[in-house]
Trainee: 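What follows is a single structure, and I will ask about it in a moment.
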2 protein chains.
Amino acid sequence: MTAEDILSSEDFKKCADFHGHICPGLAIGYRAAMAALDWLEENRAMDEEMVATVETDACGTDAVQVLTGCTLGKGNLILKYYGKHVYTVVSRNSGEGVRVALKAGVLELSERHQELVRKLSGGEATQEDRKEFWELHHKKSHDILGGSLKDLFTIKAAHIAIPPKAMIEPSKMCERCGEPTMVSKLSEIDGHYVCKDCLDNDYQPLAE
Amino acid sequence: MTAEDILSSEDFKKCADFHGHICPGLAIGYRAAMAALDWLEENRAMDEEMVATVETDACGTDAVQVLTGCTLGKGNLILKYYGKHVYTVVSRNSGEGVRVALKAGVLELSERHQELVRKLSGGEATQEDRKEFWELHHKKSHDILGGSLKDLFTIKAAHIAIPPKAMIEPSKMCERCGEPTMVSKLSEIDGHYVCKDCLDNDYQPLAE
């Protein structure tokens, strides 16, 4: 598939729609997720057929959620704040797993692109700077979408323990704020059950 | 809007498509996200116009991602593992914020529904049990979608500090595994820059 084929595909449009814009990080997530699904010979997880571990909360993670069906709210997305474009997907069906890791240099931006990022971050970007930034950003995304898989990633089998499926768990009221809370997230303190929010935020003992 | 109106709406279909199925948690997330957007008088965030804090990684969070545009990969979703269906959304445009908290009892399941959950979790559910479980699950979702907002949630203005926008950050190679890593996530150890994955997993000092 060429970059143009991908850009006009339903799958990529869903990713861009969910994420809100097209950017190099989303392009990496798209390529990584598709590579993982190909490797595993799996389709999108309707239920919890797959589990993904993402090592970043950057843009690529949104494409992984859309394409693999491993979503934050379904309990089959494990998030690690490592700051790395590394995506590991395991299949509950086959027991197989694959680790897709971005190669060094792929996300390197040109001097001009970096300068525009600095200007945007510093709030000094003009209207033209913004326009140029998005042009460079789209060009970089295009290059990633059209790049060869072996230039983008190191792809290896991953042998990791598959976590148990998410459970439906009853809630109980926090005795401090009165809000329903999953039982496993309540702390017992001074004989009372209290949620983490109440515990974290200036906890005062409850009257007996 | 009736439950039927919602079930046949494009917005709800997008949530169900992303999440993979319809369930009471997704219904709560749909109602909470819509209530927050109404309160803020905002539309879905294309960029980072809004920031959402979710106090659970349960199903509702997927509807919040789809409807508010505050997604894990865009840096405008803050995740707290409190086990509570509490969703706080703030607008960068207006500076206003709203906290939508599920009321006690809304997610309570009937005795039979709970029994089926236990059977499913224990791997003892028959084909008929599964069918009945999903019927009860859909009925509960329907009730939540059609319920009145004041029966479902406590909705209050939230005055919270708005976090800075996500930054595009350069990566450097981890000196141990050689994989590109966001600079702010690297640790300096023995004069070498090492990623958290290498640091966590049986770190051995690098040769000088």
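Residue numbers start from 1 in every chain, and the chains themselves are labelled A, B, ... in the order their sequence lines are given, proteins ahead of strands.
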Trainee: In terms of heavy-atom proximity below 4.5 Å to chain A, should L79(B) be classed as side chain, backbone, both, or neither?
Mentor: side chain
Trainee: Does CG belonging to N43(B) count more than 12 external heavy atoms closer than 6.0 Å?
Mentor: no
Trainee: Check S141(A) against C23(A) and note the closest heavy-atom contact, atom names and distance.
Mentor: OG-C, 3.0 Å
Trainee: Using only non-hydrogen atoms and a strict under-4.5 angstrom cutoff, which residues of residues 81-88 of chain A touch chain B?
Mentor: Y81(A), Y82(A), G83(A), K84(A), V86(A)
Trainee: Compare all side-chain heavy atoms of M50(A) with those of R92(A) and state whether any distance is below 4.5 angstrom.
Mentor: no
Trainee: Go through K172(A), E169(A), R44(A) and name the one with the most non-hydrogen pairs under 4.5 angstrom from chain B.
Mentor: R44(A)
Trainee: Return the minimal non-hydrogen interatomic distance between A35(B) and L149(B), and the atom names on each side.
Mentor: CB-CD2, 3.9 Å
Trainee: Look at K139(B) together with E135(B) and state whether they make a salt bridge at an N to O cut-off of under 4.0 Å.
Mentor: no
Trainee: Counting only heavy atoms not in E124(B), do more than 12 sit closer than 6.0 Å to its CD atom?
Mentor: yes
Trainee: Under a 4.5 Å heavy-atom cutoff, which of M173(A), R118(A), E179(A) has the most pairs with chain B?
Mentor: E179(A)
Trainee: Do any N or O atoms from the side chain of E175(A) and from the backbone of Y193(A) form a donor-acceptor pair under 3.5 angstrom?
Mentor: yes
Trainee: Under 4.5 Å heavy-atom distance to chain B, tell me which part of K14(A) shows up: side chain, backbone, both or neither.
Mentor: side chain
Trainee: Answer with side chain, backbone, both or neither: which region of L77(B) has an atom nearer than 4.5 Å to a non-hydrogen atom of chain A?
Mentor: side chain
Trainee: Would you call R112(B)-E115(B) a salt bridge at under 4.0 Å N-O?
Mentor: yes
Trainee: Could you label the plane-to-plane angle of the W134(B) and H138(B) rings as parallel, tilted or perpendicular, counting under 30° as parallel and over 60° as perpendicular?
Mentor: tilted
Trainee: For A125(B) and L120(B), work out which heavy atoms get closest and say how close.
Mentor: CB-CD2, 3.8 Å
Trainee: Within the 4.5 Å heavy-atom criterion, are R31(A) and I6(A) side-chain neighbours or not?
Mentor: yes
Trainee: Please classify the contact between H113(B) and chain A as side chain, backbone, both or neither, with a heavy-atom cut-off of under 4.5 Å.
Mentor: neither
Trainee: Under 4.5 Å heavy-atom distance to chain A, tell me which part of I168(B) shows up: side chain, backbone, both or neither.
Mentor: both
Trainee: Are any non-hydrogen side-chain atoms of V51(A) and P163(A) less than 4.5 angstrom apart?
Mentor: yes
Trainee: Step by step, work out the side-chain contact (heavy atoms from CB on, under 4.5 Å) result for V89(B) and L40(B).
Mentor: CA-CA 8 Å; V89(B) 187; L40(B) 294 169; 3.6 Å; yes
Trainee: Heavy atoms under 4.5 Å from chain A: which residues of residues 54-74 of chain B carry them?
Mentor: E55(B), D57(B), A58(B), C59(B), T61(B), D62(B), Q65(B), V66(B), T71(B), L72(B), G73(B), K74(B)
